[in-house]
**Q** 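I'd like to ask you about the structure that follows.
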Amino acid sequence: MISKLNLENILFLDIETVPEAQYFSDLDDATKALWEQKSEYQRKDEFTAEEFYERAGIWAEFGKIICISVGYFALSNDLKNFRVTSFYGDEIKILKDFKNLLISHFSHPKHLLCAHNGKEFDFPYIARRMIIHNIELPYKLNLFGKKPWEVPHLDTLELWKFGDYKTYTSLKLLTHVLGIPSPKDDIDGSEVYSVFYEENDIDRIINYCEKDTIAVAQIFLRLRGDSLLTKDEIIRI
């Protein structure tokens, strides 16, 4: 029962990703060929591999992480705060700083990670990029040999499915139906490429990523039947 979980033991997170290179033409010939093969099913005959390249960020083999935002609850008597911070800049530094956070503050068996569609995207993406950069996986991301019930991950999409595995509900739709302020009031995922590579506006992406992290926490509260966070209870650090 998620209502019995201690909110202070959960690290909520969201990531933003882009293609590893700005342009398809920046890739070496081998990577171009591999991208063409990898994207063939999704783009079909509608797009060339080059035209489809802006979407390469959704694959860890062709993309990179430009921001990880995390949030956690701090409870004191009847007061609760939700503290949000972000890691951004060089991808290796992002990954190492995130790993250090997990090791120093969220390494106990009671600690859990939570994201929307995290089991299909955020958690494996972070783990794959760590391996690509030869960063040893922290315990919370190393799933090798773990039984399903030993995996320390929560997923608000999975919780919302209630066992219905044929459906997908976006973060934007779920916040809408649950009466939670939408995090998509500025940009959405399809615009991150242009905001990062063309506008060079990382602050805008950080703000977007942090809003998604807050939305995940709000959804989790609604699923528990708890009251939503107010603006005064959200602290960016």
Side-chain angles (χ1 to χ4, degrees), residues 13-70 86-103 113 115-145 153 168 170-171 184 186-210 212-213:
L13 64 96
D14 183 67
I15 70 174
E16 299 304 328
T17 66
V18 294
E20 194 162 16
Q22 182 173 3
Y23 301 114
F24 180 74
S25 58
D26 295 332
L27 305 177
D28 58 50
D29 290 342
T31 305
K32 286 178 181 176
L34 289 166
W35 167 247
E36 188 168 358
Q37 294 169 13
K38 180 70 173 179
S39 62
E40 184 177 10
Y41 176 78
Q42 286 77 13
R43 57 188 173 82
K44 299 181 171 59
D45 295 327
E46 298 178 33
F47 303 96
T48 66
E50 184 169 7
E51 291 169 339
F52 203 71
Y53 182 66
E54 283 190 14
R55 308 185 198 183
I58 65 173
W59 285 279
E61 299 84 358
F62 298 95
K64 65 180 178 181
I65 296 170
I66 56 172
C67 181
I68 300 178
S69 293
V70 299
S86 296
F87 306 107
Y88 57 94
D90 174 74
E91 186 185 37
I92 293 177
K93 185 177 187 304
I94 292 172
L95 294 171
K96 287 184 175 180
D97 287 347
F98 178 69
K99 176 182 175 178
N100 289 338
L101 173 70
L102 294 184
I103 292 173
L113 307 182
H116 190 74
N117 199 30
K119 291 186 177 182
E120 291 289 328
F121 185 69
D122 304 72
F123 306 140
Y125 201 112
I126 294 171
R128 289 165 184 159
R129 293 306 295 175
M130 283 187 174
I131 291 173
I132 286 170
H133 289 299
N134 203 28
I135 299 171
E136 184 179 359
L137 294 179
Y139 179 79
K140 294 297 179 182
L141 290 176
N142 191 344
L143 306 187
F144 298 123
H153 297 164
Y168 173 83
S170 69
L171 187 66
K184 315 295 186 181
D186 178 24
I187 60 175
D188 61 35
S190 66
E191 298 173 284
V192 171
Y193 171 91
S194 61
V195 174
F196 181 76
Y197 277 123
E198 297 171 10
E199 299 178 21
N200 297 311
D201 194 345
I202 188 63
D203 289 336
R204 193 175 172 196
I205 293 171
I206 293 166
N207 185 53
Y208 167 67
C209 195
E210 290 184 350
D212 276 0
T213 301

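What you see is a predicted model; the values in this text were computed from it and never measured.
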**Q** Check for a donor-acceptor pair, side chain of Thr17 on one end and backbone N or O of Gly57 on the other, with a separation under 3.5 Å.
**A** yes

**Q** Tell me whether the rings of Phe52 and Phe47 are parallel (<30°), tilted (30 to 60°) or perpendicular (>60°).
**A** tilted

**Q** Under 4.5 Å between any side-chain heavy atoms of His153 and Leu143, yes or no?
**A** yes

**Q** For Ser190 and Asp188, work out which heavy atoms get closest and say how close.
**A** OG-OD1, 2.5 Å

**Q** Would you give the length of the straight line joining atom CZ of Arg43 to atom CD of Glu50, rounded to the nearest 0.5 angstrom?
**A** 11.0 Å

**Q** Could you tell me the separation between the CD1 atom of Ile65 and the CD atom of Glu20, rounded to the nearest 0.5 Å?
**A** 11.0 Å

**Q** Side chains of Glu198 and Glu191, heavy atoms from C-beta outward: is any pair under 4.5 Å?
**A** no

**Q** Only one of Val195, Ile15, Val192 forms a side chain to side chain contact (heavy atoms under 4.5 Å, CB included) with Ile66, so which one is it?
**A** Val192

**Q** Side chains of Thr31 and Phe62: does their closest heavy-atom pair fall under 4.5 Å?
**A** yes

**Q** Would you name the heavy atoms of Leu27 and Lys32 that are closest together and state the gap between them?
**A** O-CE, 3.2 Å

**Q** Is there side-chain contact between Tyr193 and Gln22, with heavy atoms separated by less than 4.5 Å?
**A** yes

**Q** How long is the straight-line distance from CG of Asp212 back to NE2 of His116, given to the nearest 0.5 Å?
**A** 9.5 Å

**Q** Rounded at 0.5 Å granularity, tell me how far CD in Glu61 sits from NZ in Lys38.
**A** 5.0 Å

**Q** To the nearest 0.5 Å, how far apart are CD1 in Ile126 and CG in Leu13?
**A** 5.5 Å

**Q** Checking the side chain of Glu210 only, and the main-chain atoms of Ser69 only, is there a donor and an acceptor separated by less than 3.5 Å?
**A** no

**Q** Kindly compute the distance separating CZ (Arg55) from CD (Gln42), expressed to the nearest 0.5 Å.
**A** 9.5 Å

**Q** Counting N and O atoms only, with roles assigned by atom type, does the side chain of Arg128 sit under 3.5 Å from a partner on the main chain of Trp59, one being a donor and the other an acceptor?
**A** no

**Q** Does any part of the side chain of Pro138, heavy atoms only, come nearer than 4.5 Å to the side chain of Met130, both counted from C-beta?
**A** yes

**Q** Mind listing the closest non-hydrogen atom pair of Glu51 and Glu46 along with its distance?
**A** OE1-O, 4.2 Å

**Q** Is there side-chain contact between Asp14 and Tyr208, with at least one heavy-atom pair below 4.5 Å?
**A** no

**Q** By side-chain hydrogen bond (donor to acceptor under 3.5 Å, both in side chains), which residues pair with Arg204, not counting sequence neighbours?
**A** Asp186, Glu199

**Q** Would you indicate whether the side-chain heavy atoms of Tyr197 and Tyr23 approach each other to under 4.5 Å?
**A** no

**Q** Got a donor-acceptor contact below 3.5 angstrom from the Tyr168 side chain to the Asn117 backbone?
**A** no

**Q** Should the heavy atoms of other residues, nucleotides or ligands under 6.0 Å from CG of Asn200 be counted, would the total exceed 12?
**A** yes

**Q** State whether the number of non-hydrogen atoms from other residues, nucleotides or ligands found under 6.0 Å of Phe196 atom CZ is greater than 12.
**A** yes

**Q** Kindly say whether Gly63 contributes a backbone atom to a donor-acceptor pair with the side chain of Arg129 at under 3.5 angstrom?
**A** yes

**Q** Minimum heavy-atom separation for Tyr88 to Ser86, with atom names?
**A** CD2-O, 4.0 Å

**Q** Could you tabulate the donor-acceptor pairs under 3.5 Å formed by side-chain atoms of residues 93-101, not counting sequence neighbours?
**A**
residue : atom : partner : partner atom : Å
Lys93   : NZ   : Asp97   : OD2          : 2.7
Lys99   : NZ   : Glu136  : O            : 2.8
Asn100  : ND2  : Lys96   : O            : 3.3

**Q** Compare every heavy atom of Leu141 with every heavy atom of Ala127, then report the nearest pair and how far apart it is.
**A** CB-O, 4.3 Å

**Q** Is there side-chain contact between Tyr125 and Ile58, with at least one heavy-atom pair below 4.5 Å?
**A** no

